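What follows is a short report on a single structure.
None of these values were measured; they are calculated from a predicted model.
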Amino acid sequence: MTLHLFNTLTGQMDDLVPADGKALRMYACGPTVYDYGHIGNFRTFLQIDILRRTLKLLGVPVQHVMNITDVDDKIIRNATAAGIPIGQYTERFEKAFLEDLDSLRIQRPEQLARATEHIPRMVELIQKLAENGAAYQAEDGSWYFRLASFPEYGKLSKKDLSGMEDGARVDVDEYEKDSARDFALWKAAKPGETSWDTAIGRGRPGWHIECSAMAMEYLGDSFDLHAGGEDLMFPHHENEIAQSESVTHKPFARHWMHVRFLLVDGRKMSKSEGNFYTLRDLLLKGYKASAIRLALVSVPYRHQLNFTFDGLTEATNAIERLRTFHQRLVAGTFADGESDSLQAAAKKARAEYGSALSNDLNTAEARAPIFDLVRTANTALDQGLLLAGDRVAILAVLASFDSVFDVIEDRDAEPTRRALAWAEESGRLDDVAPELLAAQSLTDEAIDALVAERTLAKKQRNFGRADQIRNELAEKGVVIEDSKDGVRWKRK
RNA sequence: GCACCGGUGGCGAAGUGGCUAACGCGCAGGUCUGCAAAACCUGUACUCGCGGGUUCGAAACCCGCCCGGUGCUCCA
């Protein structure tokens with residue numbers, strides 16, 4: 001099976017396959033590390049994670065490069081305000097970002113590339129552009145890309161800029177450009193700002209050049225896929241194409257993928273609207289990392305996702321259903337053999353799941369056959385008709401599902417613990433949901449002891465005491481389930 | 001203003017010409033249970049924003065309208 005993925009460049013569904021027949025070479029625009037990542041950032045990174053995991057599911061090896069933008073206007077401004085070097089400023093946000101990736105179970109790219117570590121490569125590119133007449137230096141020493149030198153400009157975002165007039169929007173500090181739409185490749189040093197002394201003068205890179213430089217450094221002049229948020233399509237990606245292709249005269253990326261923005265409560269998320277959430281905000285409210293992952297991943301990447309707390313609750317409950325079922329299979333004992341109907345159901349689920357994902361990463365559609373299988377298997381389980389061979393087949397389907405969605409295996413304790421530690425050391429304990437603190441106050445050992453006491457009380461038919469213990473635990477978010485195989489408990 | 005996307009049950013959401021309109025959550029009733037929980041069963045849109053049209057046949061295609069969102073500037 002091959003992945004059919006919408007290609008922004010061609011405007012149609014194209015098969016995404018490695019041009020060299022080996023690994024799929026992809027570049028994804030990463031974060032600018034000037035603050036903690038918000039859920040909008042993570043929706044994009046999560047959808048790219050779904051992409052790379054789907055490729056692997058389909059047997060395609062991936063060579064994935066992501067940049068970390070660790071120098072830009074905001075970083076310089078904030079670091080200056082804090083009175084520290086930019087490296088020291090970005091370090092903690094980069095660390096936080098990588099932790100957040102772990103929390104959401106987003107796989108690390110094969111290569112992370114920091115902008116500040118690739119300055120020579122960028123300078124080289126700008127020099128080549130200058131030789132081709134595609135770049136020029138302004139009086140203050142800044143370098144700009146000459147848009148007029150690249151007639152194909154606009155081919156990605158389908159913009160026709162030929163009729164646009166110059167002078168509509170000119171940044172005050174960029175008045176020396178030949179044409180208003182020319183964009184900065186290199187910004188001349190201003191007094192007191194971080195800068196690099198290079199062959200093209202003292203200064204710092206413009207935003208777009210870093211991606212061209214690092215993509216070509218690790219993936220070559222031409223590569224398979226370039227991905228990012230929809231906002232980057234114009235002008236960022238358009239500029240990358242112009243810069244890169246003006247140097248190489250080869251197609252930059254063959255395939256472009258853009259993830260749509262998410263909305264929060266029906267509005268674009270913004271700090272001024274008061275609907276702005278970082279991952280850490282949500283963890284401290286008591287939502288599990290897996291629920292956040294599933295909620296952000298369940299709406300296909302080309303659709304707007306309206307993020308709500310109801311949606312998080314829905315995801316929490318859906319995961320609970322999957323995990324409970326998984327646990328039934330893992331813990332139970334089954335007679336030898338296999339049943340035709342369940343084997344067929346497992347096979348069908350796997351096929352439908354794979355084909356939904358291959359169809360432009362339709363995650364919503366991909367969930368359906370898995371839940372179908374859960375219901376079918378639960379019914380068989382209730383009737384004692386599920387056999388050992390069925391268990392193996394169904395667990396394999398769940399594993400395959402989790403190789404992309406990664407929500408069944410419960411690793412939620414760590415992100416929450418990390419978020420609480422962070423809240424403590426950064427003085428944000430007031431933001432922590434009281435129920436979360438209450439739940440944390442109870443150790444597993446304490447729960448086991450109470451559960452044991454309740455079981456004893458039940459044996460003595462002292463249901464009053466048994467129910468009292470159950471209620472106490474429930475208040476702290478611990479749910480008890482009695483079953484034939486014994487008592488189970490879980491943190492809600 | 002120009003451009004693009006969407007409007008499917010209580011909520012989320014799939015489906016882009018033809019099987020009883022997936023799936024999840026929620027809700028109601030039932031089975032099981034000391035009671036619960038979990039699980040299962042049944043029900044939960046005779047209908048897909050509105051009005052026309054095309055077609056043997058449309059949620060799906062065309063036209064018009066209404067509503068919501070996004071982009072055109074830094075942004076994932």
#### Entry: Centroid-centroid distance, A:Phe309 to A:Tyr287, less than 6.0 Å
yes

### Task
For A:Thr379, report the nucleic acid contact type (base, sugar-phosphate, nothing); a contact means any heavy atom under 4.0 Å.
sugar-phosphate

### Message
Under 4.0 Å, counting only non-hydrogen atoms across every strand here, what does A:Pro300 touch: a base, just sugar-phosphate, or nothing?
### Response
sugar-phosphate

### Query
Can you find an N or O donor on one side and an acceptor on the other, under 3.5 Å apart, linking the side chain of A:Arg43 with the base of B:rA76?
no

### Task
Write down the distance separating the P atoms in B:rA59 and B:rC19, rounded off to the nearest Å.
10 Å

### Message
Checking base pairs now: Watson-Crick or wobble, both atom distances under 3.5 Å. What partners B:rU54?
### Response
none

### Task
Please determine if a side-chain N or O atom of A:Ser298 lies less than 4.0 Å away from the OP1 or OP2 oxygen of B:rA13.
no

### Query
Taking the same atom, C1', in B:rA22 and in B:rC63, what whole-Å distance lies between them?
31 Å

### Query
What do you reckon, are the aromatic ring centroids of A:Phe183 and A:Tyr144 less than 6.0 Å apart?
no

### Query
Does the side chain of A:Asn378 get closer than 4.0 angstrom to OP1 or OP2 of B:rC40 through an N or O atom?
yes

#### Entry: Pairwise C1' distance, B:rU8 and B:rU16 [rounded to whole Å]
13 Å

### Nearest-Å distance once atom C1' is located in both B:rG26 and B:rC62
38 Å

### Query
Are any of A:Arg375's side-chain N or O atoms less than 4.0 Å away from OP1 or OP2 of B:rC23?
yes

### Message
By the 4.0 Å heavy-atom rule, please label A:Ile480 as base, sugar-phosphate, or nothing.
### Response
base

#### Entry: Residue-phosphate contact under 4.0 Å: A:Arg321 side-chain N/O, B:rC40 OP1/OP2
yes

### Task
Could you work out which one of B:rG34, B:rC72, B:rC74 sits closest to the side chain of A:Trp207?
B:rC74

### Message
On RNA chain B, does the nearest nucleotide to A:Val374 precede the nearest nucleotide to A:Arg367 from the 5' side, or the other way round? Give the residue.
### Response
A:Arg367

### Query
Does B:rA39 have a Watson-Crick or wobble mate here (both distances under 3.5 Å), and if so which one?
B:rU31

### Task
Check the pair A:Lys490, A:Glu320 against salt bridge (Lys or Arg N to Asp or Glu O under 4.0 Å), reporting the backbone distance first and the verdict last.
CA-CA 10 Å; A:Lys490 63 195 178 193; A:Glu320 210 43 59; 3.2 Å; yes

### Query
Does the ring of A:Phe463 meet both stacking tests against the six-membered base ring of B:rG34: centre distance under 5.5 Å and plane angle under 30°?
yes

### Query
Applying a 3.5 Å limit to both distances, which nucleotide forms a Watson-Crick or G-U wobble pair with B:rC65?
B:rG49

### Atom P, compared across B:rG15 and B:rC5: separation rounded to whole Å
16 Å

#### Entry: Pair partner, B:rA21 [Watson-Crick or wobble, under 3.5 Å]
none

### Query
Distance between the P atoms of B:rG24 and B:rG64, in whole angstroms?
39 Å

## Note on the structure
The Watson-Crick or G-U wobble partner of B:rC72, with both key distances under 3.5 Å, is B:rG1

### Message
Please give the distance between the C1' atoms of B:rU44 and B:rG49 as a whole number of Å.
### Response
22 Å

### Query
Taking atom CD of A:Glu481 as the centre, does the number of heavy atoms from other residues, nucleotides or ligands within less than 6.0 Å exceed 12?
yes

### Task
Using salt bridge (charged side-chain N to carboxylate O under 4.0 Å, His left out) as the criterion, point out the one residue from A:Glu94, A:Glu91, A:Glu210 that pairs with A:Arg114.
A:Glu94

### Query
Where the side chain of A:Thr363 meets the backbone of A:Val297, is there a donor-acceptor pair that is under 3.5 Å apart?
yes

#### Entry: 5' priority, RNA chain B, between A:Arg470 and A:Glu365 [closest heavy atom]
A:Glu365

### Message
Using only modelled atom types and a 3.5 angstrom limit, is any donor from either the side chain of A:Lys74 or the base of B:rC75 paired with an acceptor on the other?
### Response
no

### Task
Classify the angle between the aromatic ring planes of A:His258 and A:Trp256 as parallel (below 30°), tilted (30 to 60°) or perpendicular (above 60°).
parallel

### Query
By a strict heavy-atom criterion of less than 4.0 Å, which residues belonging to residues 304-318 of chain A are in contact with RNA chain B?
A:Gln304, A:Glu314, A:Asn317, A:Ala318

### Query
Out of B:rA38, B:rA39, B:rA14, which has the shortest distance to the side chain of A:Ala364?
B:rA14

### Query
Counting side-chain heavy atoms from CB outward, which of B:rU73, B:rA37, B:rA13 is closest to A:Val479?
B:rA37

### Query
Where the side chain of A:Asp372 is concerned, which of B:rC23, B:rC40, B:rA76 is the nearest nucleotide?
B:rC23

### Task
Would you indicate, yes or no, if B:rG71 has its OP1 or OP2 atom less than 4.0 angstrom from a side-chain nitrogen or oxygen of A:Lys268?
yes

### Query
How about A:His226 and A:His237: are their ring centres within less than 6.0 Å of each other?
yes

### Query
On a whole-Å scale, what distance lies between the P atoms belonging to B:rA28 and B:rA38?
13 Å

### Query
If pairing requires Watson-Crick or G-U wobble contacts with both distances under 3.5 Å, which nucleotide is the partner of B:rU16?
none

### Message
Less than 4.0 angstrom from a charged side-chain N to a carboxylate O is my criterion; do A:Arg328 and A:Asp382 meet it?
### Response
yes

